[in-house]
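Notes to accompany the following structure.
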Amino acid sequence: MAQQRCRSVLITGCSRGIGLGLVRGLADASPAPDWVIATCRYPEKALELQQLSKQHSHIKLLQLESTSLLVFPFLPVADVVCENSIKKVVKEVEEILGDKGLNCLINNAGINVVASLEEVTAETMLTIYETNTVAQLMVTKAFLPLLRKAAQLSTGMGCHRAAIINMSSLAASMQLVTANEMFLKVYPYRIAKTALNMITRCLAADLKVDGILCISLHPGWIQTDMGGDMAPLQIQEAIPGILSVLANLSEKDNGSFLDGQGGTLPW
Ligand SMILES: NC(=O)c1ccc[n+]([C@@H]2O[C@H](COP(=O)([O-])OP(=O)(O)OC[C@H]3O[C@@H](n4cnc5c(N)ncnc54)[C@H](OP(=O)(O)O)[C@@H]3O)[C@@H](O)[C@H]2O)c1
């Protein structure tokens, strides 16, 4: 059966890593969405993203403005939580998409910091929670009117209609806590991602009536600044699988925790 097309997708955290990889993958996708809206904190520094948006007229680069507030010298507070910045971006996106609304929101931006039980502090917990959990909920809330608009124009469930993709992690699985000792060094990250998974479950239940699907996605262990050099997958190897999973989402996937190959992960 021919897949219905996703006309518009917005991805956060596109300056590098998986976000940039997704934009690159969607630049060459066939059929390509009408619009790929890629957000990042510092567009002036995101040279590859700039290049992509110059080469492809359907890729639009927008800024989520940064805040000057710093919790630590080495950990910037989540600028995606900045309400004015989110409002500004929503308005810009609305101007681009017009009355068609937004089909797919990918909450990709995220941060990690190594913090074992001995190292973890309240400040680190709160900063990571704000960046990896609160921001995703606030961004989603702000884009809901545009997602609802898109949902009204189609039927079924999936990225062709309206979908929220929360970039989660295997490290968030409560059932797999003992499966990987490496994750014991990332208390704030895994706890924030587990909370993000709860957001997924709540949104999936809450927005079903609107025809908006929501999933958590573990993209795979991928070589990025966050994933590190030991990761088995390079970005370009992982992206086709992720895009295929997204393209094939349907009602049965609503509220699920999937990996980059479409497999189901335990919560
Ligand atoms: N790589 C993996 O193996 C792996 C595995 C599981 C899950 N994930 C998840 O996949 C997502 C992308 O990860 P990645 O590997 O691509 O990481 P990455 O290479 O470190 O890139 C992270 C992206 O998020 C943005 N970002 C970070 N903090 C931000 C903030 N406070 N406000 C706005 N944007 C912020 C960064 O922007 P700047 O350039 O401005 O810092 C960057 O574009 C994350 O949610 C991560 O948890 C990754």
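Only a predicted model underlies this, so the values are computations on that prediction, with no experimental measurement involved.
Side-chain contact between L49 and L20 is present, with heavy atoms from C-beta onward closer than 4.5 Å. With contacts defined as side-chain heavy-atom distances shorter than 4.5 Å, the pair R190/L184 qualifies. Annotation: side chain of L265 is not in contact with side chain of S173 (no heavy-atom distance under 4.5 Å). Considering only heavy atoms from C-beta on, I164 comes within 4.5 Å of N107 through its side chain. H56 is listed as a side-chain neighbour of D28, based on a closest heavy-atom distance under 4.5 Å. Annotation: side chain of E251 is in contact with side chain of K208 (closest heavy-atom distance under 4.5 Å). In this structure, the side chains of V113 and Y189 stay at 4.5 Å or more apart for every pair of heavy atoms. The shortest distance between side-chain heavy atoms of D225 and R16 falls below 4.5 Å.
Closest approach of G17 to T224, counting heavy atoms only: CA-CG2, 3.8 Å. Counting all heavy atoms, side chain and backbone alike, G255 lies closest to A204 at CA-CB, 3.4 Å. Of all heavy-atom pairs between V23 and C14, the closest is CG2-SG, 3.7 Å. Residues N197 and A172 approach most closely at ND2-CB, 3.6 Å, considering heavy atoms. For T133 against L196, the heavy-atom pair with the smallest separation is CG2-N, 3.9 Å. Taking all atoms of both residues into account, the shortest heavy-atom contact from V245 to G260 is CG2-O, 3.5 Å.
When atom types are taken as modelled, the side chain of S256 and the backbone of I215 share no donor-acceptor pair closer than 3.5 angstrom. Panel note: side chain N108, backbone G13; a donor-acceptor pair is recorded below 3.5 Å. Between the side chain of N248 and the backbone N or O of S244 there is at least one donor-acceptor pair closer than 3.5 Å. Formation of a donor-acceptor pair under 3.5 Å by the Q223 side chain with backbone atoms of G228 is not found in this model. Panel note: side chain H160, backbone T155; a donor-acceptor pair is recorded below 3.5 Å. A donor-acceptor pair is defined here as one N or O able to donate and one able to accept, closer than 3.5 Å; no such pair exists between the side chain of R7 and the backbone of P33. No donor-acceptor distance shorter than 3.5 angstrom exists from the side chain of H218 to the backbone of S169, with no hydrogens or angles considered. Between the side chain of Q63 and the backbone N or O of R41 there is at least one donor-acceptor pair closer than 3.5 Å. In this structure, Q136 contributes its side chain and T131 its backbone to a donor-acceptor pair below 3.5 Å. With D259 contributing its side chain and Q261 its backbone, the two residues share a donor-acceptor pair below 3.5 Å.
Separation of atoms CG (L147) and CG (L102) is listed at 5.0 Å; rounding is to 0.5 Å. For the atom pair SG of C82 and NZ of K87, the computed distance is 10.0 Å after rounding to the nearest 0.5 Å. Of the inter-residue distances, the one linking L144 atom CG with D206 atom CG reads 8.5 Å to the nearest 0.5 angstrom. Note that CZ of F183 is 9.0 Å distant from CG of L176, once rounded to the nearest 0.5 Å. Here the CE atom belonging to M157 is positioned 9.5 Å from the SG atom belonging to C214, to the nearest 0.5 angstrom. With rounding to the nearest 0.5 angstrom, the CG atom of L233 is 8.5 Å from the CD1 atom of I242.
Residue F257 is not grouped with residue L203 when hydrophobic side chains (ILVMFWY) are merged at heavy-atom distances under 4.5 angstrom, including chains of intermediate members. Both L137 and L105 are part of a single hydrophobic cluster, where members link through side-chain heavy atoms under 4.5 Å apart. In the hydrophobic clustering of this structure, V120 groups with I191; members are Ile, Leu, Val, Met, Phe, Trp, Tyr whose side-chain heavy atoms approach within less than 4.5 Å, directly or through other members. At a threshold of 4.5 Å between side-chain heavy atoms, the hydrophobic network of Ile, Leu, Val, Met, Phe, Trp and Tyr places M167 and I111 in two separate groups. Linking ILVMFWY residues whenever their side-chain heavy atoms come closer than 4.5 Å, directly or via other members, leaves I59 and I37 in distinct clusters.
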Exercise. How far apart are the C-alpha atoms of C40 and L61, what are their side-chain angles, what is the distance that settles it, and do they pass the side chain to side chain contact (heavy atoms under 4.5 Å, CB included) test?
Worked result: CA-CA 8 Å; C40 69; L61 166 49; 3.8 Å; yes

For this session: Evaluate the criterion side chain to side chain contact (heavy atoms under 4.5 Å, CB included) for residue pair V9 and N103; output intermediate values, then yes/no.
Result: CA-CA 6 Å; V9 49; N103 292 125; over 6 Å; no

Problem set entry | Chi angles and distances behind the side chain to side chain donor-acceptor pair (under 3.5 Å) call for N166, S216 | CA-CA 5 Å; N166 288 326; S216 278; 5.0 Å; no

Exercise. Do T127 and E130 pass the side chain to side chain donor-acceptor pair (under 3.5 Å) test, and can you show the C-alpha distance, the side-chain angles, and the key distance before you say yes or no?
Worked result: CA-CA 5 Å; T127 302; E130 188 174 27; 5.6 Å; no

Problem set entry | Trace of the side chain to side chain contact (heavy atoms under 4.5 Å, CB included) decision for M138 with F143 | CA-CA 9 Å; M138 293 304 114; F143 278 106; over 6 Å; no

For this session: Might you work through the side chain to side chain contact (heavy atoms under 4.5 Å, CB included) test for W35 and K60, ending with a clear yes or no?
Result: CA-CA 7 Å; W35 293 108; K60 201 87 187 156; 4.2 Å; yes

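The environment of K252 atom NZ is dense: over 12 non-hydrogen atoms of other residues, nucleotides or ligands sit within 6.0 angstrom. The environment of CD in Q55 is crowded: more than 12 heavy-atom neighbours from other residues, nucleotides or ligands sit within 6.0 Å. Within 6.0 Å of CE in M230 there are 12 or fewer heavy atoms belonging to other residues, nucleotides or ligands.
In summary, of the residues considered (L117, V114, N112), a side chain to side chain contact (heavy atoms under 4.5 Å, CB included) with K185 occurs for V114 alone.
Look at D99 and K149 and you find no salt bridge, because none of the NZ, NE, NH1 or NH2 atoms lies under 4.0 Å from a carboxylate O. A salt bridge links D34 with R5: at least one charged nitrogen is closer than 4.0 Å to a carboxylate oxygen. Taking 4.0 Å as the cut-off between side-chain N and carboxylate O, R24 and E48 count as a salt-bridged pair.
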